[in-house]
**Q** 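Dropping a structure here in structure tokens format, bear with me for questions.
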Amino acid sequence: MHAAARPVSTIPVDEFFLARQPILGRGEHLVAYELLFRAAAEHDDARLTDGASATAAVIAHASQLGLEQVVGNKLAFVNVDEVVLMSDYVRFLPPNKVILEILETVKPTEPLLARIAELKELGFKFALDDVIHHSEEVDQLLGLVDVVKIDLQGVAPEALAHLAASLRKADKKLLAEKVETQQEFRLCLELGFEYFQGYYFARPVILSGRKITPSEMVVLHLLELINSDADDAAIETAVKRDPLISLNLLRLVNSRAAGPERRIESISEALVQLGRKQLRRWLQILMFAAPGSQVELASPLLQLATTRGKLLELMSLEVYPLDVSGAERAFTVGIMSLADALFSMPMADILDNVELADDVRAALLERSGDLGAMLDVVERLEKADTGRQFTAALRKLGLTSKQVREIELAAFDWVSELVHDGA
């Protein structure tokens, strides 16, 4: 350990949760994730909220963290306090994959500034977290960081433009965090922010009188045919009625076929190749394509929805190992849970247009039943809300923090492969 370091509090390696929050660029594409580590709620509140100490414990126990599995080809923002910065634990992180996020509690002492400079020499990049005004302490750290994170909820709207202009003069990239609405996103775009963090893109903006388009109806009709176990001819006819769905289907099966010499040209052969289970999944993913375009697998809304789907599927299999159809319904709950944001319509109105099992409907509308409890766990996990309600929901499902973390890693990996296959 570095000479200036203090001991790092230890959280047992099997008793922490990982939250992964998306960071988007100006075109609303994914550029990075912030990784937040939280102890289980059985620990006292100080240790529960001490994210930097949790980070240190994870690094100490798990060494490399498997960042490729967690963030794919994106960057990881990782919180660090003075203890972590001054320790040698930080050296276990790959400099090319992480941006070290200096917490607002860190004081810019001479030893600390020297340590940051030393880590910069080793290739590490830094962000300054939770900035709400251009203070003297911010100034002392500004020359050493690459990104400045401005907490939108901590800055008065009338002061934001001045603060952003002041920090941009220092030639720093600005990241708006806790972006809650599309209006806040657009304001920050105008003020020159480069990066955006917050679930504004997944918040439903209900449009009065909005109707489901014909193209969207085709996808929902196909899902109904599959859910009602319609025959192959009816499904093939419905697919052929929409040229975009036909083209997307052929593109999908040919990207996964054995090789270029085995090209599939017919819809009927494509449907056989894919099978009913994968067809249902693909249609659920296709819902997230804008009418008239192909599926954009890098869409943050689609990635969040597919991650939820896989998380719920794997949780369901963990709780009920023999219930394969239940796992399929769990996947449907996860991916449909963002349909209100996707369609800009109330969830109840969307569900009027598609036939779904009663437990799926109850989970989506009321968060009730086991599927509703699983969805609640996943939504809390996204926000790093691992308090007592979260722990109670896990206990009700009979899941441990270790099981949940392994499920998360498998889900992240699956979504990364999905994006890679569709690229």
**Q** Indicate yes or no for a side-chain donor-acceptor contact from Tyr195 to the backbone of Val147 under 3.5 Å, with no hydrogens or angles considered.
**A**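 Side chain of Tyr195 to backbone of Val147: no pair is present.
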**Q** Glu408 and Leu18: which non-hydrogen atoms are nearest, and at how many Å?
**A**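 Minimum heavy-atom separation between Glu408 and Leu18: OE2-O, 2.6 Å.
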**Q** In Å, rounded to the nearest 0.5 Å, how long is the span from CG of Leu100 to CG of Leu93?
**A**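 The CG atom of Leu93 is 6.5 Å from CG of Leu100, to the nearest 0.5 Å.
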**Q** How far apart are the closest heavy atoms of Glu82 and Val106, and which atoms are they?
**A**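 Scanning both residues completely, I find the closest heavy atoms to be N-CG2, 3.6 Å.
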**Q** Give me the atom names and distance for the closest heavy-atom approach of Trp414 to Thr306.
**A**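 Nearest heavy atoms, Trp414 then Thr306: CZ3-O, 4.0 Å.
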**Q** Less than 4.5 Å apart, any side-chain heavy atom of Arg281 and any of Lys310?
**A**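 A side-chain contact under 4.5 Å exists here.
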**Q** Between Glu216 and Thr213, do the side chains contain an N or O donor and an N or O acceptor separated by less than 3.5 Å?
**A**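 A donor-acceptor contact under 3.5 Å links the two side chains.
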**Q** Indicate whether any N or O donor in one side chain lies under 3.5 Å from an N or O acceptor in the other, for Arg308 and Ser337.
**A**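 A pair is found: one side chain offers a donor N or O, the other an acceptor, under 3.5 Å apart.
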**Q** If I compare all heavy atoms of Ala238 with all of Val218, which pair ends up nearest, and what's the gap?
**A**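 Taking Ala238 first and Val218 second, the nearest heavy atoms are O-CG1, 4.2 Å.
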**Q** Do Glu328 and Arg280 meet the salt-bridge criterion of a basic N to acidic O distance under 4.0 Å?
**A**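 Counted as a salt bridge, because a side-chain N and a carboxylate O are separated by less than 4.0 Å.
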**Q** Any sub-3.5 Å donor-acceptor pair from Thr181's side-chain atoms to Tyr200's backbone N or O?
**A**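 No; zero donor-acceptor contacts below 3.5 Å.
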**Q** Any donor-acceptor pair under 3.5 Å linking the side chain of Glu184 with the backbone of Glu180?
**A**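 Yes; judged by distance alone, with no hydrogens or angles, the pair exists.
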**Q** Compute the centroid of each ring, for Phe196 and then for Phe201, and state whether the two points are separated by less than 6.0 Å.
**A**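 Aromatic pair excluded; centres sit 6.0 Å or further apart.
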**Q** For Glu382 and Val378, run side-chain contact (heavy atoms from CB on, under 4.5 Å): C-alpha distance rounded to whole Å, both residues' side-chain angles, the deciding distance at 0.1 Å, then the answer.
**A** CA-CA 6 Å; Glu382 288 167 0; Val378 168; 3.9 Å; yes
**Q** Please report the C-alpha distance between Phe193 and Phe185 in whole Å, then the side-chain angles of each, then the deciding distance to 0.1 Å, and finally whether the ring-ring contact (aromatic ring centres under 6.0 Å, His included) criterion is met.
**A** CA-CA 9 Å; Phe193 281 75; Phe185 168 66; over 10 Å; no
**Q** Are any side-chain N or O atoms of Asn353 and backbone N or O atoms of Asp349, one a donor and one an acceptor, separated by less than 3.5 Å?
**A**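 Side chain of Asn353 to backbone of Asp349, a donor-acceptor pair under 3.5 Å: yes, one is there.
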**Q** Quick one about Thr400 and Gln403 (side-chain donor to acceptor, distance below 3.5 Å, no hydrogens or angles considered), yes or no?
**A**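 Indeed, the side chains of Gln403 and Thr400 share at least one donor-acceptor pair under 3.5 Å.
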**Q** Check whether Lys120 reaches the backbone of Leu144 with its side chain - one donor and one acceptor, N or O, closer than 3.5 Å.
**A**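 Side chain of Lys120 to backbone of Leu144, a donor-acceptor pair under 3.5 Å: yes, one is there.
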**Q** Is a salt bridge present between Lys172 and Asp146, judged by a nitrogen-to-oxygen distance below 4.0 Å?
**A**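 No.
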**Q** Check whether any side-chain heavy atom of Ser316 lies under 4.5 Å from a side-chain heavy atom of Phe331, and answer yes or no.
**A**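 Of all side-chain heavy-atom pairs linking Phe331 with Ser316, none is under 4.5 Å.
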**Q** List the steps, then state whether side-chain contact (heavy atoms from CB on, under 4.5 Å) holds for Leu250 with Glu265.
**A** CA-CA 7 Å; Leu250 289 169; Glu265 301 286 357; 5.8 Å; no
**Q** Any side-chain to backbone donor/acceptor pair from Ser416 onto Phe412? Under 3.5 Å, distance only.
**A**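 Answer holds: yes.
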**Q** Would you indicate whether the side-chain heavy atoms of Leu381 and Thr386 approach each other to under 4.5 Å?
**A**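 Heavy-atom side-chain distance check passes, below 4.5 Å.
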**Q** Passes side-chain contact (heavy atoms from CB on, under 4.5 Å), Leu75 versus Val31? Steps please.
**A** CA-CA 7 Å; Leu75 288 170; Val31 294; over 6 Å; no
**Q** Picking from Arg20, Lys149, Lys74, what satisfies salt bridge (Lys or Arg N to Asp or Glu O under 4.0 Å) with Glu34?
**A**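 So the option named by the test is Lys149.
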**Q** Please walk me through it: do Ile245 and Leu286 pass side-chain contact (heavy atoms from CB on, under 4.5 Å)?
**A** CA-CA 8 Å; Ile245 289 178; Leu286 189 62; 3.7 Å; yes
**Q** Would you say the side chains of Ser228 and Glu355 form a donor-acceptor pair under 3.5 Å?
**A**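 The criterion, which ignores hydrogens and geometry beyond distance, is not satisfied for Glu355 and Ser228.
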**Q** Within the distance-only criterion (no hydrogens, no angle test), does the side chain of Asp376 pair as donor or acceptor with the backbone N or O of Gly372 below 3.5 angstrom?
**A**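 Looks like no, no N/O pair under 3.5 Å.
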**Q** If you take all heavy atoms of Leu142 and Val148, which pair is closest and at what distance?
**A**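 In this case the closest contact between Leu142 and Val148 is CD1-CG2, 3.7 Å.
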**Q** In terms of side-chain geometry, is the basic nitrogen of Glu236 or Lys240 positioned less than 4.0 Å from the acidic oxygen of its partner?
**A**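 Counted as a salt bridge, because a side-chain N and a carboxylate O are separated by less than 4.0 Å.
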**Q** Restricting to non-hydrogen atoms, name the atom on Leu312 and the atom on Gly334 that form the minimum distance, rounded to 0.1 Å.
**A**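 Between these two residues, the closest heavy atoms are CD2-N, 4.0 Å.
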**Q** As an exercise, state the distance from CD of Gln197 to CG of Leu152, rounded to the nearest 0.5 Å.
**A**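 Rounded to the nearest 0.5 Å, the CD-CG separation comes out at 10.5 Å.
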**Q** Is the number of heavy atoms from other residues, nucleotides or ligands within 6.0 Å of NE2 (His29) greater than 12?
**A**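 Check passes, neighbour count above 12.
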**Q** Without swapping roles, check the side chain of Glu177 against the backbone of Asp130 for a donor-acceptor pair under 3.5 Å.
**A**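 Here the side-chain-to-backbone pair exists.
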**Q** Look at the side chain of Gln284 and the backbone N and O of Met336, then say whether any donor-acceptor pair between them is shorter than 3.5 Å.
**A**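 Not at all, since once roles are kept as given, no pair shorter than 3.5 Å links the two residues.
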**Q** Does a side-chain heavy-atom distance below 4.5 Å link Leu399 with Glu318?
**A**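 When only atoms from C-beta onward are counted, Glu318 and Leu399 do touch, with a gap below 4.5 Å.
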**Q** So, Asn248 and Ser246: side-chain donor and acceptor under 3.5 Å apart, yes or no?
**A**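 Side chains of Asn248 and Ser246: no pair found under 3.5 Å.
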**Q** How about Asp229 and Arg276: do any of their side-chain heavy atoms sit closer than 4.5 Å?
**A**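 Result yes, sub-4.5 Å side-chain heavy-atom pair found.
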**Q** Mind checking the CD1-CG spacing from Ile132 to Leu163? Nearest 0.5 Å is all I need.
**A**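 Ile132 atom CD1 to Leu163 atom CG measures 9.0 Å (nearest 0.5 Å).
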